[in-house]
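Since the structure comes first, as structure tokens, the remarks are kept for the end.
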Amino acid sequence: FIPLVIIAFLAVITWQTSHSLSPSKPIETEEGVETMEIDVVALDWKWLFIYPDLGIASVNEVAFPVDTPVHFNITSGTVMNSFMIPRLGSQLYAMAGMDNELNLIAEEEGVYPGRSTNYSGAGFSEMIFKAHVTSQDEFEAWVEKVRQAPESLSFEQGYEELAAPTIGHPIEYYSNVSPELYENIVQSFKSGKVIQPGRNDRNDEEHAAAEAPPAEGQAKPTNAAVAE
């Protein structure tokens with residue numbers, strides 16, 4: 001009987017502590033402090049940060065005020081990646097067609113390096129970004145700087161070009177972003193309207209090679225042979 005009591009006691013502690021540390025659990029703050037929403041999209045090989053409430057976006061740079069809880073919605077427009085700002089907390093996977101949630105808060109101003117922690121191809125080592133934690137005034141100045149950018153972004157216009165594989169992609173700003181962009185990216189993997197420049201082209205080439213009639217005297221290649 002005593003071993004069962006011990007096991008039950010440990011199970012309760014494990015369940016409570018595991019859920020208390022869940023990255024999706026909202027962060028409690030002082031009354032009047034609103035949580036900031038930021039949508040994160042992993043691309044080849046860069047990070048897209050969308051501010052749905054502000055209608056702006058940035059690439060390889062994210063900013064938010066100190067002592068402000070941030071709710072990240074995280075997905076991928078390509079293969080699986082992993083989003084992490086090591087000095088601020090949890091690592092969370094970014095997966096195509098899925099929406100993961102991460103809540104973080106920074107208690108000190110500064111520049112926090114972030115990166116992908118899941119190998120995703122040739123440009124993986126350059127898939128890094130900077131998180132700028134600033135005062136409220138400095139954040140508002142950063143927002144105004146982004147709003148001066150001439151570029152706009154939507155799933156229909158601009159996204160395909162941005163999603164094309166690049167290594168060491170520079171910081172970019174978008175002053176006007178479609179409010180449906182993040183959801184469009186997530187749903188594209190469920191509806192068959194996926195935009196993956198470079199990867200789509202390779203898949204098309206492999207499919208064409210598999211479907212092409214074999215030359216005289218040769219056997220038709222198998223899927224495994226084509227993949228090689």
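The figures here come from the full heavy-atom set of this structure, side chains too, leaving out hydrogens, waters and symmetry mates. By convention here, the first residue in the shown sequence is residue 1.
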Hey, is the main chain of S120 close enough, under 3.5 Å, to the side chain of W45 for a donor-acceptor pair?
-> yes

Non-neighbouring partners of E34 that pass salt bridge (charged side-chain N to carboxylate O under 4.0 Å, His left out), sequence neighbours left out | none

Using modelled atom types only, decide if a donor and an acceptor are shared between the side chain of Y173 and the backbone of P150 within a distance under 3.5 Å.
-> no

Identify, with sequence neighbours excluded, every residue that meets side-chain hydrogen bond (donor to acceptor under 3.5 Å, both in side chains) alongside S58.
-> none

To the nearest 0.5 Å, what is the distance between CG (L48) and OG (S76)?
-> 11.5 Å

Please tell me if the side chains of N103 and F72 come closer than 4.5 Å, counting only heavy atoms from C-beta onward.
-> no

Polar side-chain atom of D44 near backbone of T78 as donor-acceptor pair, under 3.5 Å | no

Heavy-atom side-chain proximity of I105 to T68 below 4.5 angstrom = no

Correct closest heavy-atom pair for I185 and G77 would be CG2-CA, 4.2 Å

Under the side chain to side chain contact (heavy atoms under 4.5 Å, CB included) test, which residues partner E183, sequence neighbours left out?
-> Q187

Are V40 and T75 close enough that some pair of their side-chain heavy atoms sits under 4.5 Å apart?
-> no

side-chain hydrogen bond (donor to acceptor under 3.5 Å, both in side chains) involving D53 - partner list, sequence neighbours excluded | none

Under the salt bridge (charged side-chain N to carboxylate O under 4.0 Å, His left out) rule, collect the residues that match up with R147, sequence neighbours excluded.
-> E144

Hey, mind stepping through I171 and V59 against side-chain contact (heavy atoms from CB on, under 4.5 Å) and telling me if it holds?
-> CA-CA 5 Å; I171 294 171; V59 176; over 6 Å; no

Counterpart residues, side chain to side chain contact (heavy atoms under 4.5 Å, CB included), relative to M84 (two or more places apart) | P86, Q91, T117

Rounded to the nearest 0.5 Å, the OH atom of Y112 sits from the CZ atom of R87 at a distance of 5.0 Å

Any donor-acceptor pair under 3.5 Å from N60 side chain to W47 backbone = yes

Answer yes or no: is there a side-chain heavy-atom contact under 4.5 Å between P52 and Y182?
-> no

Name all residues meeting the side chain to side chain contact (heavy atoms under 4.5 Å, CB included) criterion together with E107; count only those two or more places apart in sequence or in a different chain, and write none if there are none.
-> D67

Could you list the residues that satisfy side-chain hydrogen bond (donor to acceptor under 3.5 Å, both in side chains) with D39, not counting sequence neighbours?
-> N73

Taking the side chain as every heavy atom from C-beta outward, state whether L102 and V70 have any atom pair closer than 4.5 Å.
-> no

When you measure from the side chain of N100 to the backbone N and O of Y93, does any donor-acceptor pair fall under 3.5 Å?
-> yes

N/O donor to acceptor pairs below 3.5 angstrom from side-chain atoms of residues 122-136, sequence neighbours left out:
residue	atom	partner	partner atom	Å
H132	NE2	E61	OE2	3.4
T134	OG1	F139	N	3.2
S135	OG	E138	N	3.2
S135	OG	E138	OE1	3.2
Q136	NE2	E140	OE2	3.2

Heavy-atom check, side chain of I56 versus side chain of Y174, under 4.5 Å = no

Residues in ring pair (Phe, Tyr, Trp, His ring centres under 6.0 Å) with Y51, at least two apart?
-> W142

Are I38 and H71 close enough that some pair of their side-chain heavy atoms sits under 4.5 Å apart?
-> no

Does L54 reach the side chain of V143, with side-chain heavy atoms less than 4.5 Å apart?
-> yes

Sequence neighbours excluded, the answer for side chain to side chain contact (heavy atoms under 4.5 Å, CB included) partners of M98 is M95

Side chains of residues 156-165: which donor-acceptor pairs under 3.5 Å do they make with residues two or more places apart or in other chains?
none

